[in-house]
2 protein chains.
Amino acid sequence: VVSVILTVTLNPALDVTYRVEALQPGHPHRVDGVSVKAGGKGVSVARVLAMLGERVLATGLIGGLTGDSVIADLPVPHDFARITGESRRAVTVWSTSDCRATLFAERGPTVLASEWSVFISGFDRLASVAEVVVLAGSLPPGLPDSAYAELIVRSRAPVILDAADEPLRRGLAAHPAMITPNADDLAAAIGSDAADLVEACRELAVPVAFTLGPEGAVLSTPAGSWSARPPAAIRGKAAVAGNSTGTRNATSGGDAFTAALARGLARRSDPPALLADAVALSTASVLAPASGDFDPATYERLRTAVEVRRL
Amino acid sequence: VVSVILTVTLNPALDVTYRVEALQPGHPHRVDGVSVKAGGKGVSVARVLAMLGERVLATGLIGGLTGDSVIADLPVPHDFARITGESRRAVTVWSTSDCRATLFAERGPTVLASEWSVFISGFDRLASVAEVVVLAGSLPPGLPDSAYAELIVRSRAPVILDAADEPLRRGLAAHPAMITPNADDLAAAIGSDAADLVEACRELAVPVAFTLGPEGAVLSTPAGSWSARPPAAIRGKAAVAGNSTGTRNATSGGDAFTAALARGLARRSDPPALLADAVALSTASVLAPASGDFDPATYERLRTAVEVRRL
């Protein structure tokens with residue numbers, strides 16, 4: 001039995017990106033460029049892990065012809081459970097005149113209780129050979145908010161939970177090995193609760209890692225808390241990269257952050273090294289011109305240049 | 001051999017419609033409602049003909065998993081030629097707060113010369129048993145502007161051409177049985193050339209039918225020209241229906257107009273009756289709450305209520 005990192009994507013998406021000159025509401029647009037790739041947070045984390053040379057297996061729920069398109073684009077070994085509903089699309093319209101991204105995210109298919117039961121049987125089998133399990137992204141309609149909590153309880157392998165809102169809070173109570181609340185588009189929603197969340201993690205002795213965008217990240221564990229940030233010159237560049245390419249690189253930074261934490265957990269890295277590596281990889285990802293990519297040389301340079309500080 | 005109306009869709013689309021509360025460029029949107037259906041002008045015309053109880057066969061070019069989704073939703077018998085490229089999507093974002101539709105239309109796959117040759121062989125076979133052929137919609141990248149002209153020359157059955165720009169002008173020179181230039185979103189482009197186009201049709205003795213939206217339509221033939229319009233009360237309603245539901249019902253009105261003309265040509269209706277029927281059906285379609293639908297009773301009432309006038 002060879003150990004792998006298992007990524008779970010319960011609501012995968014076909015990410016469709018359109019390039020238009022300018023988005024004008026109420027008007028028809030000829031799309032100049034179309035790119036399509038398999039998405040959903042868990043899938044994106046799996047892609048980064050594969051780029052790092054890690055053994056990774058992607059699982060989750062998939063359905064319909066849109067699901068077939070997702071599967072056809074998966075860059076890693078996979079074992080998804082089929083559902084009768086159709087997997088969702090997420091359409092991003094990229095306006096070149098003002099560099100703004102406008103996202104239209106479908107909610108996803110309604111999952112039946114029987115389909116969830118079938119998935120769980122498969123999950124037990126896959127998780128039994130996993131070194132680390134990553135649960136990432138939104139839940140599709142039909143699944144209870146306790147879905148991630150249930151998987152955490154069933155998994156003998158350590159679990160990283162990258163979720164938001166109620167599925168995150170329920171999952172937290174099931175004692176995952178670490179949580180990485182998504183700090184991009186959900187920053188506003190979590191913002192005011194961040195202190196509460198860190199406090200809850202401390203009470204439950206659950207490590208929590210937060211990205212702070214170009215400013216780095218924080219890792220809070222029962223053994224202590226650390227912050228890590230890239231050198232000042234890089235922080236400036238990362239902030240600009242975030243501005244000039246909208247939400248996409250921020251998102252891929254978050255995916256890379258979670259991927260690095262998963263690999264670090266599998267290798268039992270100590271907390272400061274774990275955090276420094278995750279900040280180096282997510283920063284390299286934000287700096288890359290293409291979403292989801294990173295330059296290995298930049299990543300290597302940042303691994304030693306990131307400043308870690310005990311809080 | 002049973003005769004059918006053959007519809008040709010060289011650039012079919014998976015029409016995806018999203019309902020959002022308000023479209024805010026640069027922001028993420030949760031999509032409240034998703035509807036997906038097979039589209040492209042020829043497919044839409046075929047759907048109307050099937051609703052009218054006509055025998056119809058849909059052909060064209062199709063590719064990839066998006067093409068599979070189009071095929072899966074086709075409401076009529078079909079025989080499409082497979083291509084290696086992926087068929088396109090057309091995403092309409094419907095903003096409920098201001099009733100505005102914003103369309104993002106992909107250009108479509110690049111068609112290879114060898115794929116076009118294979119299609120043509122199939123077309124010859126299918127057109128030989130067709131009573132009327134409908135060529136409708138845009139051409140995908142890779143096809144020459146003369147593509148419709150070539151099909152018109154090869155078809156022994158009368159051909160209705162519903163196209164725009166250069167493919168329309170080239171097609172016109174190949175003497176189709178009738179042209180129905182699309183008067184919706186291309187109105188602006190054709191507008192100033194409308195008089196030239198009618199003049200060209202007269203010189204070539206090609207009948208041309210134009211819709212005037214809620215005001216009815218015009219049919220100009222070598223035997224004479226006619227206009228037809230719905231009663232005043234209906235015109236008022238149709239104008240409001242067009243306003244309140246944006247471009248969608250105007251589009252389905254155009255599809256119904258072409259479908260009625262195809263059926264009328266197959267039945268060898270005389271020009272005034274042909275035009276009256278097409279205006280009745282397109283008006284009923286514009287008045288229907290759901291895009292692509294029409295109320296049979298409204299259609300029947302309008303068939304006798306439409307006023308036809310020789311110009």
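Heavy atoms only: backbone and side chains are in, while hydrogens, waters and symmetry mates are out. It should be emphasised that the depicted structure is a prediction, and the values quoted were computed from it without experimental measurement. Lettering follows sequence order; numbering is per chain, from 1.
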Peer 1: Among B:Val91, B:Asp32, B:Val93, B:Asp68, who wins on heavy-atom pairs under 4.5 Å with chain A?
Peer 2: B:Val93
Peer 1: Pick whichever of A:Val20, A:Val16, A:Leu23 has the most heavy-atom pairs under 4.5 Å with chain B.
Peer 2: A:Leu23
Peer 1: Passes side chain to side chain contact (heavy atoms under 4.5 Å, CB included), A:Arg89 versus B:Val36? Steps please.
Peer 2: CA-CA 11 Å; A:Arg89 296 170 207 81; B:Val36 177; 3.7 Å; yes
Peer 1: Check whether A:Phe104 gets within reach of chain B through its side chain, its backbone, both or neither, counting any heavy atom under 4.5 Å.
Peer 2: both
Peer 1: With rounding to the nearest 0.5 angstrom, report the OG1 to CG distance, A:Thr66 to B:Leu14.
Peer 2: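 Going from the OG1 atom of A:Thr66 to the CG atom of B:Leu14 covers 7.5 Å.
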Peer 1: Under the side chain to side chain contact (heavy atoms under 4.5 Å, CB included) criterion, do B:Val31 and A:Arg107 qualify, and how do the steps go?
Peer 2: CA-CA 7 Å; B:Val31 174; A:Arg107 288 177 194 278; over 6 Å; no
Peer 1: I'd like to check A:Pro25 versus B:Pro25 (side-chain heavy atoms, cut-off strictly below 4.5 Å). Are they in contact?
Peer 2: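 Yes, close enough: below the 4.5 Å cut-off.
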Peer 1: So with a 6.0 Å cut-off around CD of B:Glu21, is the heavy-atom count from everything else above 12?
Peer 2: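 Count not over threshold, so no.
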Peer 1: Once you round to the nearest 0.5 Å, how far does CD of A:Gln24 lie from CZ of B:Arg100?
Peer 2: 10.0 Å
Peer 1: Side chain of B:Thr102, backbone of A:Gly26: donor and acceptor closer than 3.5 Å?
Peer 2: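 Yes, B:Thr102 side chain to A:Gly26 backbone: donor-acceptor pair under 3.5 Å.
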